Amino acid sequence: MICARCGGTLRQVRRHSVILCGLSAGLGLLLFAMALGEPVANVVMQGGRFGTTDLLTATGHLEQAGAWPLALVVVPTLLLVPFVKLVTVAAMAVAVRERVVPYYLRRAFALLPTLSQWAMVEVFLLGSMIALFRLRDWMLVDYGPALFALSGVALCSIGIDAAVDRAAFWQGVPFATPPPAASDTPLIGCHGCDLLLRAREGSACPRCGSRLHTRKPDSVRRGWSLLTTGALLAVPANVWPVMTITKLGKGGPSTILGGSLELLEAGFWGLAALVFVASIVVPLVKLGALSFLLVSTQRGVRSRLVLRTRLFRVVSLIGRWSMLDIFATMTLVTLARFGWLGNVQPEAGATAFCGVVVLTMLASEAFDPRLLWDAAGLNPRTVAAPGSLLVPS
């Protein structure tokens, strides 16, 4: 079902969505448990020196190296959020079929789009592969079982996103219909479960418990605050070194651009282009695009509203992939720990770059694209979209 005004997808009807998502989530949890108990990769250097890394100890190595801010981001995006997403979908699939859905499970499932945005197993896999290719020049790399198990987890997570029909889940959730509201009460669509009803601003949704708002509160102000902070951090993120690499007692600091050039010199043209686009082009595009959208909203620009709405969707989609450089740095730090023979030390530039990625993602979440249409004076009376569940007033 497509929006007639902006072309956005209102609902993707998926047959057997509850069953397929439940099976994918269950299999993903099994593979995730396997990945936690196995090494991600092993390295061997001359003289028999051996190093290994796994998901549970990798963040500890980052903290020991002085990069605890990176660990604070890696733990949620790689371990906690993907696990919560899989558990939520699996539990919701069972609860919907039993017609007994606890309140806390409703609240968690309402956050599924946000969980999908911050669950970055597939980004970690790509970042790890980039790091392992860089290590091949001076270490013998042996891929661990966890890497293959995580690949299965990523496929299960992608499968959930492809098969999920949120309306099919929510239609199986019983809830008490609220009492009739006054005719002048605004019609609000819940962001958590898409329930459409007349309610007061800030009241709780009777089905999922989310707070009801006609528009995201303080969207422009919060967007500018996050974006400005991210733009300030973008300067040191691109100027300061993100890591110091030592090979056989020689080496020096490396910036984000330096990492791309190193891959280029090693003959990995595709990976060099990927790192350059994800780590340099994408953050700058996000900063510029979000600034443009905020300015056009404040000025009430009426032209090319559909194009600007689609630009926001693209920006929201690509922003998370900039984290691959952070995950590549984590893999290098945890594997290359051989003193003067080979060592990678994270630097302040990595922390600054991580801050840019997180802040721009938060800025995307804070911005409400419907404000583009409101500011242009093209906000018609709210009506129920096809497939929405409207509570009679």
Side-chain angles (χ1 to χ4, degrees), residues 24-44 50-90 115-136 139-161 242-243 278 320-338 342-346 350-351 353-354 357-358:
S24 297
L27 179 58
L29 285 171
L30 178 62
L31 293 171
F32 197 84
M34 294 172 58
L36 292 177
E38 298 291 340
V40 173
N42 307 310
V43 295
V44 179
F50 174 82
T52 186
T53 184
D54 57 66
L55 295 178
L56 297 179
T57 61
T59 53
H61 293 153
L62 280 176
E63 186 176 359
Q64 292 174 6
W68 59 267
L70 298 184
L72 291 178
V73 176
V74 168
V75 170
T77 56
L78 179 58
L79 299 177
L80 297 181
V81 178
F83 177 75
V84 171
K85 175 184 176 180
L86 294 173
V87 170
T88 298
V89 173
L115 294 175
S116 297
Q117 184 75 359
W118 289 92
M120 300 186 183
V121 176
E122 62 272 28
V123 183
F124 166 77
L125 287 172
L126 185 56
S128 296
M129 294 306 299
I130 292 173
L132 295 177
F133 273 109
R134 294 182 69 175
L135 287 174
R136 286 177 59 183
M139 295 181 181
L140 178 62
V141 178
D142 178 23
Y143 301 146
L147 204 60
F148 299 99
L150 282 176
S151 299
V153 174
L155 290 176
C156 290
S157 181
I158 294 172
I160 291 172
D161 296 336
V242 294
M243 67 184 81
R320 62 201 297 268
W321 288 96
S322 295
M323 280 292 292
L324 68 86
D325 205 56
I326 299 301
F327 289 125
T329 301
M330 182 196 78
T331 304
L332 289 170
V333 169
T334 56
L335 282 175
R337 294 178 288 113
F338 300 102
N343 187 61
V344 176
Q345 179 69 26
T351 302
F353 179 75
C354 186
V357 178
V358 171

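The figures that follow rest on heavy atoms only: side chains count, while hydrogens, waters and symmetry mates do not. This structure is a prediction, so every number in the text was calculated from the model and none was measured.
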query: Which pair of non-hydrogen atoms, one from Phe327 and one from Thr77, has the smallest distance, and what is that distance?
result: CZ-OG1, 3.6 Å

- line: Scanning both residues in full, the closest heavy-atom pair of Ala328 with Ala131 reads O-CB, 3.4 Å

task: Without swapping roles, check the side chain of Glu38 against the backbone of Gly144 for a donor-acceptor pair under 3.5 Å.
output: no

field: Side-chain donor/acceptor of Ser157 to backbone N/O of Val153, under 3.5 Å
entry: no

- request: Would you give the length of the straight line joining atom CG of Asp142 to atom OG1 of Thr52, rounded to the nearest 0.5 angstrom?
  value: 9.0 Å

query: Does some side-chain heavy atom of Met129 sit less than 4.5 Å from a side-chain heavy atom of Tyr143?
result: yes

message: Using the rule given for side-chain contact (heavy atoms from CB on, under 4.5 Å), can you reason through Val84 versus Leu115, listing the C-alpha separation, both sets of side-chain angles and the distance that settles it, and then say yes or no?
response: CA-CA 8 Å; Val84 171; Leu115 294 175; 4.2 Å; yes

query: Leu335 and Val43: which non-hydrogen atoms are nearest, and at how many Å?
result: O-CG2, 3.7 Å

message: Could you go through Leu126 and Trp321, starting from their C-alpha distance and side-chain angles, then the distance that decides it, and tell me whether this counts as side-chain contact (heavy atoms from CB on, under 4.5 Å)?
response: CA-CA 9 Å; Leu126 185 56; Trp321 288 96; 4.0 Å; yes

task: I would like to know whether Leu36 and Phe83 meet side-chain contact (heavy atoms from CB on, under 4.5 Å); could you show each step before the answer?
output: CA-CA 11 Å; Leu36 292 177; Phe83 177 75; over 6 Å; no

task: Go through the steps for Val73 and Ile326 under the test side-chain contact (heavy atoms from CB on, under 4.5 Å), then give the verdict.
output: CA-CA 9 Å; Val73 176; Ile326 299 301; 5.7 Å; no

Residue pair Ala90 / Leu29: nearest heavy atoms and the distance that separates them: CB-CD1, 4.3 Å

Atom CE of Met34: over 12 foreign heavy atoms under 6.0 Å: no

Separation of Ile130 CD1 from Thr331 OG1 (nearest 0.5 Å): 10.0 Å

- request: Look up atom CG in Asn343 and atom CE in Met243, then write down how far apart they are to the nearest 0.5 Å.
  value: 12.0 Å

task: Provide the closest heavy-atom pair for Ser116 versus Asp161 in the form atom of the first, atom of the second, distance.
output: OG-OD1, 3.1 Å

- prompt: Out of curiosity, Arg320 CZ to Glu122 CD, how far, rounded to the nearest 0.5 Å?
  reply: 4.5 Å

- request: Give, for atom CE of Met323 and atom CG of Leu70, the distance between the pair rounded to the nearest 0.5 Å.
  value: 8.0 Å

message: Distance check, rounded to the nearest 0.5 Å: Leu332 atom CG versus Leu132 atom CG?
response: 8.0 Å

query: Looking only at atom types and distance, does a side-chain atom of Ser151 sit under 3.5 Å from a main-chain N or O of Leu147, one as donor and one as acceptor?
result: yes

query: What are the two closest heavy atoms between Ala58 and Thr334, and how far apart are they?
result: O-CG2, 3.4 Å

